[in-house]
Chemist: 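Next up is a structure, given as structure tokens.
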Amino acid sequence: MLTTAKQLFNDLKDNAHIFLHSAACNPTILAELICEEAIQKGIKKLNFYHLHLDGEAVHLREKYRDFVEVNCFFVGANCRSALRSGQASYIPVFLSQIHELFINGTIELDYALIQTSQFDRHGYATLGPSVDISVSALHSAKKVIAMINPNMPKVFGEGVVHHSNINHFIEVSQELPAFNAKALSEID
């Protein structure tokens with residue numbers, strides 16, 4: 001269902017547990033929208049869960065510091081200062097075991113915020129290049145909200161999702177973050 005940004009999080013409650021799609025699929029706009037809705041509602045705490053995120057870790061902006069807690073399964077460069085300051089925690093677990101934390105309810109997700117390709121004529125989209133733990137997160141979360149992005153590549157395999165598995169979505173055209181590798185030194 002296509003909806004307005006304000007309607008996406010009308011049921012947001014204090015202490016919500018939120019999954020953010022990983023790496024190049026980081027749903028920055030949805031992360032910002034949920035944090036802004038938390039400010040409007042006077043929410044005291046949001047709990048985010050994710051692997052590393054490419055691009056900006058929007059939910060770690062200074063203005064959200066008082067109510068955002070981050071739980072990282074992998075600590076990327078954009079989350080390291082939050083880890084050092086105590087705003088983020090590292091959850092030591094094998095990548096292959098994270099999905100079990102969602103499926104068995106050890107971590108109960110209220111929201112899975114994902115970014116997908118456009119739907120095809122049969123109502124299917126894909127999770128792009130970052131499938132990882134996202135499949136189990138979207139099947140375990142109480143509510144799945146997607147950013148449909150025409151710049152997201154369509155890939156085959158486990159990362160195919162039908163529109164019936166998505167509660168709400170918005171259409172956003174934005175470039176995916178790019179990885180700029182450093183030049184190799186003589187030692188490298």
Side-chain angles (χ1 to χ4, degrees), residues 17-36 38 46-102 107 109 111-118 125-138 141 145-161 169-188:
H17 292 255
I18 304 148
F19 171 78
L20 292 179
H21 200 166
S22 313
C25 298
N26 178 5
T28 54
I29 292 171
L30 292 176
E32 183 174 21
L33 289 173
I34 200 168
C35 288
E36 289 298 320
L46 293 180
N47 303 282
F48 286 91
Y49 295 86
H50 54 76
L51 290 170
H52 75 283
L53 301 171
D54 293 341
E56 184 185 1
V58 172
H59 57 301
L60 288 173
R61 288 179 179 163
E62 184 61 34
K63 70 189 224 174
Y64 307 138
R65 183 174 176 73
D66 292 340
F67 64 90
V68 166
E69 185 174 300
V70 178
N71 303 281
C72 302
F73 299 111
F74 179 88
V75 182
N78 55 5
C79 294
R80 288 187 188 127
S81 64
L83 188 66
R84 284 190 293 273
S85 73
Q87 185 184 9
S89 298
Y90 169 68
I91 300 174
V93 62
F94 290 114
L95 179 62
S96 63
Q97 296 175 329
I98 298 171
H99 74 279
E100 293 174 27
L101 299 175
F102 299 146
I107 297 173
L109 295 173
Y111 296 93
L113 306 183
I114 62 173
Q115 185 172 183
T116 70
S117 65
Q118 293 178 304
T126 74
L127 296 174
S130 300
V131 177
D132 49 58
I133 61 174
S134 304
V135 173
S136 56
L138 76 91
I145 300 174
M147 268 177 49
I148 310 301
N149 186 350
N151 296 308
M152 179 66 68
K154 292 183 179 186
V155 298
F156 297 100
E158 296 287 323
V160 176
V161 59
F169 65 86
I170 59 172
E171 293 178 322
V172 176
S173 179
Q174 71 177 28
E175 293 299 316
L176 299 180
F179 179 74
N180 297 316
K182 294 182 202 175
L184 297 177
S185 70
E186 190 172 311
I187 294 171
D188 295 331

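Remember, it's a predicted structure, so these values are computed and weren't measured experimentally.
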Chemist: Is there a side-chain contact (heavy atoms from CB on, under 4.5 Å) between Ile107 and Asn71 once you walk through the steps?
Modeler: CA-CA 11 Å; Ile107 297 173; Asn71 303 281; over 6 Å; no
Chemist: For His59, which residues count as a ring pair (Phe, Tyr, Trp, His ring centres under 6.0 Å) partner, sequence neighbours excluded?
Modeler: Phe48, His50
Chemist: Before you tell me yes or no, could you show the steps for Phe169 and Thr116 under side-chain contact (heavy atoms from CB on, under 4.5 Å), namely the whole-Å CA-CA distance, both residues' side-chain angles and the distance that decides it to 0.1 Å?
Modeler: CA-CA 10 Å; Phe169 65 86; Thr116 70; over 6 Å; no
Chemist: Residues two or more places apart in sequence or in another chain: which of them pass side-chain contact (heavy atoms from CB on, under 4.5 Å) with Val135?
Modeler: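 With sequence neighbours excluded, Val135 shows a side-chain contact (heavy atoms from CB on, under 4.5 Å) to Leu127, Val131, His139, given in chain and number order.
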Chemist: Under 4.5 Å between any side-chain heavy atoms of Val93 and Phe73, yes or no?
Modeler: yes
Chemist: Once rounded to the nearest 0.5 Å, what's the spacing between atom CG of Leu33 and atom CD1 of Ile170?
Modeler: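 If I round to the nearest 0.5 Å, the distance is 5.5 Å.
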Chemist: Evaluate the side-chain proximity of Pro153 to Leu176: yes if any heavy-atom separation is below 4.5 Å, no if none is.
Modeler: yes
Chemist: Donor-acceptor pair, Ser117 side chain versus Thr126 backbone, under 3.5 Å?
Modeler: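 Side chain of Ser117 to backbone of Thr126: a pair is present.
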Chemist: For a quick test of reading the model, state the closest non-hydrogen atom pair linking Gly128 to Val155 and the distance between them.
Modeler: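 Closest pair (atom of Gly128, atom of Val155, distance): O-CG2, 3.1 Å.
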Chemist: So do Met152 and Pro129 actually touch side chain to side chain, heavy atoms under 4.5 Å?
Modeler: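 Side-chain contact under 4.5 Å: yes.
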Chemist: Considering all heavy atoms of both residues, which atom of Met147 and which atom of Pro27 are nearest to each other, and what is their separation?
Modeler: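 Heavy atoms only, the tightest pair is SD-CA, 3.8 Å.
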Chemist: Has Asn26 got a side-chain atom pairing as donor or acceptor with Ala57's backbone, closer than 3.5 angstrom?
Modeler: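 No, Asn26 side chain to Ala57 backbone: no donor-acceptor pair under 3.5 Å.
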Chemist: Do you know the tightest heavy-atom contact between Asp54 and Asn78?
Modeler: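 The pair with the smallest heavy-atom distance is C-ND2, 4.5 Å.
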Chemist: Ser134 vs Phe19, test: side-chain contact (heavy atoms from CB on, under 4.5 Å). Steps then yes/no.
Modeler: CA-CA 8 Å; Ser134 304; Phe19 171 78; 3.7 Å; yes
Chemist: Applying ring pair (Phe, Tyr, Trp, His ring centres under 6.0 Å), can you list everything that pairs with His17, at least two apart in sequence or on another chain?
Modeler: Tyr49
Chemist: Is it true that Lys63 and Glu36 make a salt bridge, defined as a side-chain N closer than 4.0 Å to a carboxylate O?
Modeler: yes
Chemist: Minimum heavy-atom separation for Phe67 to Ala38, with atom names?
Modeler: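 Residues Phe67 and Ala38, closest heavy atoms: CE1-CB, 3.5 Å.
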Chemist: In this structure, which one of Asn149, Thr28, Asn151 forms a side chain to side chain donor-acceptor pair (under 3.5 Å) with Gln115?
Modeler: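 So the option named by the test is Asn149.
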Chemist: Does some side-chain heavy atom of Leu83 sit less than 4.5 Å from a side-chain heavy atom of Cys72?
Modeler: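 No, their side chains stay 4.5 Å or more apart.
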Chemist: Considering only heavy atoms from C-beta outward, does the side chain of Arg61 approach that of Glu32 to under 4.5 Å?
Modeler: yes
Chemist: Measuring from Glu100:CD to Ser136:OG, what's the distance to the nearest 0.5 Å?
Modeler: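 It comes to 9.5 Å.
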Chemist: What is the minimum heavy-atom distance between Ser130 and Ala24, and which atoms define it?
Modeler: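 Of all heavy-atom pairs spanning Ser130 and Ala24, the closest is OG-N, 3.6 Å.
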Chemist: At their closest point, which heavy atom of Leu53 faces which heavy atom of Ser22, and how far apart are they?
Modeler: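 Smallest heavy-atom distance, with atoms named: CD2-CA, 4.2 Å.
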Chemist: For a side-chain contact (heavy atoms from CB on, under 4.5 Å) with Tyr111, tell me which candidate from Leu20, Leu30, Ile18 qualifies.
Modeler: Ile18
Chemist: Is the number of heavy atoms from other residues, nucleotides or ligands within 6.0 Å of CD (Glu158) greater than 12?
Modeler: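 Result for CD/Glu158: open.
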Chemist: Could you tell me if the side chain of Asp132 sits less than 4.5 Å from the side chain of Ile98, heavy atoms only?
Modeler: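 They are not in contact (no side-chain heavy atoms under 4.5 Å apart), so the answer is no.
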